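Quantities reported herein were computed from a predicted structural model and do not represent experimental measurements. Start at 1 and go down the list; that is how both ligands and their atoms are numbered.
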Amino acid sequence: MKIALLGFGNVGRGAYETLQLLPEIEVKCVLVRNVRPCGTSAVTADFSDILSDPEIELVADVMGGYEIARFYVLAALRAKKHVVSANKELLCKSFSELTSAAFENGVCLRYTACAGGGTPWLFNLERAARCGEIEALGGIMNGTTNFMLHAMEQSGIGFDEALKSAQSLGYVEAEPSADVDGRDAARKCAMSANLAFHTMLNEAEMNVEGIRRVRPCDIEFAKSRNCVLKLIARAHRANDAVNAYVEPRFVKASSQEAQVPGNYNLFTLEGKRLKRQSFFGQGAGMYPTGIAVAQDILDVARGSVKPQETVIAPQSVNNQSCAHRYYVRCGTQQPHEGLMELACERLVTAESYVYITKPVSVFAMHALAQTLRKADPRLFFAGMEEA
Ligand code: HSE
């Protein structure tokens with residue numbers, strides 16, 4: 001099969017090198033902004049060269065960004081070319097539109113690399129969802145923040161040093177906020193929930209808290225309770241809505257999540273009959289993600305996936321029906337209104353007040369933290385796994 005790559009960054013090169021080993025795939029053309037040699041393939045800065053080439057049967061979007069990528073991908077689908085995409089922003093925002101366009105044009109749209117990189121999570125999640133099996137999903141969906149929390153736990157370093165270390169290893173997104181404020185994990189969680197529950201969640205409705213305010217004392221507290229601090233994403237069916245959120249959480253030291261080191265990811269689905277099924281691996285990187293793109297291309301080329309109709313019923317996010325205890329660390333000067341009545345334990349140190357709450361809904365806790373932060377911007381909170 002002759003294909004084209006849109007983009008030749010890290011993931012594009014990882015996919016390209018992998019495809020060079022597969023005689024059944026020829027990368028006929030690569031789209032780049034500034035024309036430069038890309039292996040032995042033709043290069044162009046003009047997308048219409050690819051669109052109008054009848055020999056190119058599949059287009060792989062490895063370029064990132066939203067508007068222009070959406071334009072190219074829709075045009076390719078309407079020109080009856082299969083599409084493989086690694087672009088999670090695109091798939092998350094336009095899932096319904098793109099899956100409809102693919103089906104209407106009788107072509108495949110594959111996107112395994114969008115969440116989990118080298119971990120074949122979305123592919124297997126979609127398979128499990130066919131049996132209507134999935135009730136909940138979640139886990140560690142961002143490698144950068146897992147690397148940072150793990151480094152803080154192992155070496156006692158602070159947030160800034162952990163972030164610098166992750167940046168020096170090339171893990172962090174160009175805009176670090178996407179990682180440290182939890183948006184990257186939220187996007188992967190929304191996309192996973194869409195596949196699992198045949199829906200289209202509005203990512204903006206999710207409660208999302210990252211790790212920006214974590215301090216070594218929080219990690220120490222976790223250790224004192226035989227827990228480990230992780231950034232956890234979770235989505236759960238809740239009658240006619242979906243609970244979906246991202247937040248730091250103290251997980252039990254014996255849990256699978258607690259064992260996830262460095263920049264690894266752990267994705268888990270839970271089914272009534274299937275029980276827990278987890279996928280562990282590298283969530284990002286040139287080769288893990290590039291290989292996932294190449295695998296999707298092979299699946300299409302070998303006919304092992306077919307064009308499919310994706311039935312989508314949009315659902316709202318409602319985090320009022322999921323509740324658990326929280327750890328909340330505040331400064332010493334503030335009145336902590338709203339916290340006292342929720343607390344079942346309070347610890348006072350020279351620098352902070354720590355409250356352990358009774359079970360509180362995710363929605364209520366995230367809203368309360370926003371209110372309290374007007375006076376106490378460094379307030380940190382984390383969910384607590386029940387003992
Ligand atoms: N920055 C992301 C991560 C890359 O660390 O998981 C993959 O989406």
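Using a cutoff of 4.0 Å between basic side-chain nitrogens and carboxylate oxygens, Glu97 and Arg70 are scored as salt-bridged.
A donor atom on one side chain and an acceptor atom on the other are found under 3.5 Å apart for Tyr287 and Glu17. Remark: the Ser278 side chain and the Gln256 side chain contain an N/O donor-acceptor pair separated by less than 3.5 Å.
Proximity of Asp179 to ligand 1, defined as any heavy-atom pair under 4.0 Å, is confined to the side chain (atoms from C-beta onward). By the criterion of a heavy-atom distance under 4.0 Å, the side chain of Asp184, and not its backbone, is placed next to ligand 1.
Side-chain contact between Tyr326 and Val362: present, with at least one pair of heavy atoms (C-beta onward) separated by less than 4.5 Å.
Under the 30°/60° scheme for interplanar angles, the aromatic rings of Phe280 and Tyr264 are found to lie parallel.
The closest heavy-atom contact to atom 5 (O) of ligand 1, among the options Thr144, Val11, Val180, comes from Thr144.
Interface atoms of ligand 1 facing Ala284, defined by a heavy-atom separation under 4.0 Å, are 4 (C), 7 (C). For ligand 1 and Glu173, the ligand atoms under 4.0 Å from any heavy atom of the residue are 1 (N), 2 (C), 4 (C), 8 (O). Taking every heavy atom of Gly143 and a limit of under 4.0 angstrom, the matching atoms of ligand 1 come to 3 (C), 5 (O), 6 (O).
The N/O atoms of Lys88, backbone and side chain alike, include one that comes under 3.5 Å of an N/O atom in ligand 1.
Counting heavy atoms of neighbouring residues, nucleotides and ligands inside a 6.0 Å radius, atom CG of Asp46 exceeds 12 of them.
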